[in-house]
Amino acid sequence: MSIEKINQAKAEIASTSAYKTITEFFDADSFTEIDAFAKSGEGFAEVVAGFGTVEGMPVYAFAQNSDICGGAMSKAQAAKLKKIYDLALKTGAPVVGFYDSVGGRLMQGNELLAGCGQVLNSAAAISGAVPQISVVLGTCLGTNALNAASADFVIMSEKAQLSLDVTGENSSAEYNAEHGVASVVAKDSAEAVAKAKELVLYLPSNNLNTAPESFEEEPAGCDCIVGSTVDGGSVYKLFDNYGKDAKVRLARLGGSVVGIVKTNGGVLSCSATTKIAKFVRFCDAFSLPILTFVDCKGFESIKSAAKAASAYAEATTVKISVVYGQAVGSGYIALAGTGANADMVYALPQAVISPVNVEAAAFILAADAMNVPVAEQKAVAEKFAAENLSAFNAAQNGYVDGIVEQQDLRKTLISALDMLAGKRVPTVAKKHSTI
């Protein structure tokens, strides 16, 4: 083929929306396309794929090209995606996928199904070895959605659609956010791309590398225990519309990336514990330290409690818990207890640690004192807790490693993270847990 025809083909591909999206994602002039001229039928394959850098960090990416046959999945597209996943595994670099497709080329029949299966298999093979991010910018339905939703994090534009149902039922960004599929919802495609670029910088390239470090910034001036502890402007919010009685975040502390879990008091719902368990397993897979801020009176169900407890107990990454409110019964055991494998446990002076809820403990252990009118029982129970279920009592019995004032918490946690950075834990030879 003549140079003129090659340049014409390059210009044709470069004029598409997918090419513009992928070059917007990467650092300027860093994108190198892979299989640029691969054919699907009479035209080019319906995806742009390759590698580049994001703030100097190597990343593989692909963008479904809605300008070519609506971005429909095909045998050729599947082959390009499989190559991207295979290269990412060989080189240890993250994969970011931009989804915008009307579906699949149904006339390819079983070849299409086989191609989709190979893509899913390749994505599963790199799970836990390199981070995966899906960015849904347009339509993503059917088996295409299965691949998108299998990533570690899913970012959706407000007007995007993501569903296994090809009719688009329950496919909105709002629905997916409320059901724990969408990690982040962006107002438009440009913001979604920007959110993906930002998220990449919180993640290690692979499970053998550490996450990129950043300049340490003083905490934001606020009363929130997380905001007053981590580096200022470093909090990346995840799954905010799902399991709202707990929060999960990526943030930096002393310039290093950490995973944050914060329970907001009361009893944890099933959706909150599912969110926590998923996040803890992700952080553990990539050796991100987990800081858990505990104010929890237990769990809504046995099954969800077991799921969260198992995730924490199995995780071998650095785990530090801070009891800032109440840590009651199963909530203490699963989220804060050294018995469940926490490396360090700290508590604020006002924290309460109890085997059962405060009022029940008071009725059991101080029955005479609770023999007062119902209206006064809460105050009596709180007095009992302050005297008998305090962080100081727990520290005396070895269940809390230190009692720290909130203004000193940042310094204490940075020191603990530095000390625990070399943590090594041998594990039993097995494929994986079954809980």
Side-chain angles (χ1 to χ4, degrees), residues 55 57 131 152-153 183-184 194-195 197-204 210-240 243-265 272 275-276 278-296 312 315 317-325 327 335-336 342-351 400-421 423:
E55 298 293 329
M57 181 175 174
D152 297 308
F153 301 106
S183 318
V184 177
K195 285 287 185 183
K197 292 179 69 170
E198 184 183 356
L199 180 54
V200 163
L201 300 179
Y202 283 86
L203 308 178
T210 57
E213 293 194 353
S214 182
F215 292 109
E216 180 180 343
E217 295 185 25
E218 286 301 308
C222 68
D223 295 329
C224 170
I225 189 168
V226 173
S228 63
T229 302
V230 301
D231 296 356
S234 74
V235 174
Y236 191 98
K237 298 179 179 180
L238 296 162
F239 300 105
D240 259 11
K244 294 183 180 181
D245 40 324
K247 294 180 179 178
V248 296
R249 305 279 189 259
L250 290 169
R252 294 185 181 88
L253 183 60
S256 298
V257 176
V258 294
I260 303 286
V261 175
K262 178 177 177 286
T263 60
N264 300 331
K275 174 170 76 172
I276 290 171
K278 175 182 171 63
F279 184 69
V280 167
R281 290 188 187 281
F282 172 81
C283 290
D284 184 49
F286 293 99
S287 298
L288 295 175
I290 302 166
L291 305 183
T292 306
F293 294 85
V294 183
D295 183 6
C296 175
Y312 272 97
T317 190
V318 173
K319 294 173 290 185
I320 302 174
S321 296
V322 179
V323 183
Y324 74 98
L335 306 177
D343 297 304
M344 301 293 290
V345 180
Y346 297 104
L348 269 54
Q350 71 272 20
V400 168
D401 295 300
I403 300 173
V404 185
E405 297 276 0
Q406 186 166 331
Q407 63 266 26
D408 299 324
L409 186 58
R410 173 180 168 83
K411 180 181 177 181
T412 300
L413 293 178
I414 290 175
S415 296
L417 287 174
D418 287 343
M419 196 63 187
L420 292 166
K423 178 183 176 183

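All values reported here derive from a predicted model rather than from experimental measurement.
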Under 4.5 Å between any side-chain heavy atoms of [X] and [Y], yes or no?
X: Phe286; Y: Thr317; answer: no
X: Val322; Y: Leu348; answer: yes
X: Arg249; Y: Phe279; answer: no
X: Leu413; Y: Val404; answer: no
X: Ser228; Y: Arg410; answer: no
X: Val184; Y: Leu238; answer: yes
X: Thr292; Y: Lys319; answer: no
X: Val258; Y: Ile320; answer: no

Testing the basics here: between [X] and [Y], what is the closest heavy-atom pair and its distance to 0.1 Å?
X: Met344; Y: Leu420; answer: CG-CD1, 3.9 Å
X: Leu291; Y: Leu417; answer: CD2-CD2, 4.3 Å
X: Gly232; Y: Glu217; answer: O-OE1, 3.2 Å
X: Cys283; Y: Gly259; answer: SG-CA, 4.0 Å
X: Ala246; Y: Ala272; answer: CB-CB, 4.0 Å
X: Asp231; Y: Gly255; answer: OD2-N, 2.8 Å

Going by the salt bridge (Lys or Arg N to Asp or Glu O under 4.0 Å) test, which pairs reach into residues 279-292, not counting sequence neighbours?
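Listed once each, the pairs are Arg281-Glu314.
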
| request: Scan Val235, Ile260, Leu201, Leu203 and name whichever one has a side chain to side chain contact (heavy atoms under 4.5 Å, CB included) with Leu250. | output: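 For Leu250, the side chain to side chain contact (heavy atoms under 4.5 Å, CB included) test succeeds with only one of Val235, Ile260, Leu201, Leu203, which is Leu203.
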
Atom pair [atom1] ([X]) and [atom2] ([Y]), whose distance is rounded to the nearest 0.5 Å:
X: Leu253; Y: Ile414; atom1: CG; atom2: CD1; answer: 4.5 Å
X: Lys411; Y: Glu405; atom1: NZ; atom2: CD; answer: 14.0 Å
X: Leu335; Y: Lys262; atom1: CG; atom2: NZ; answer: 13.0 Å
X: Phe293; Y: Cys224; atom1: CZ; atom2: SG; answer: 8.5 Å
X: Leu288; Y: Tyr202; atom1: CG; atom2: OH; answer: 12.0 Å
X: Lys275; Y: Lys244; atom1: NZ; atom2: NZ; answer: 9.5 Å

Would you please classify the geometry between the Phe153 ring and the Phe282 ring as parallel, tilted or perpendicular, with 30° and 60° separating the classes?
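Perpendicular.
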
*asked:* Using a 6.0 Å cut-off, check whether atom NZ of Lys247 has over 12 heavy atoms from anything other than its own residue.
replied: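 Atom NZ in Lys247 is not crowded, with 12 or fewer foreign heavy atoms closer than 6.0 Å.
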
Does any N or O in the side chain of Asp401 come within less than 3.5 Å of the main-chain N or O of Val345, such that one atom is a donor and the other an acceptor?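 Answer holds: yes.
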
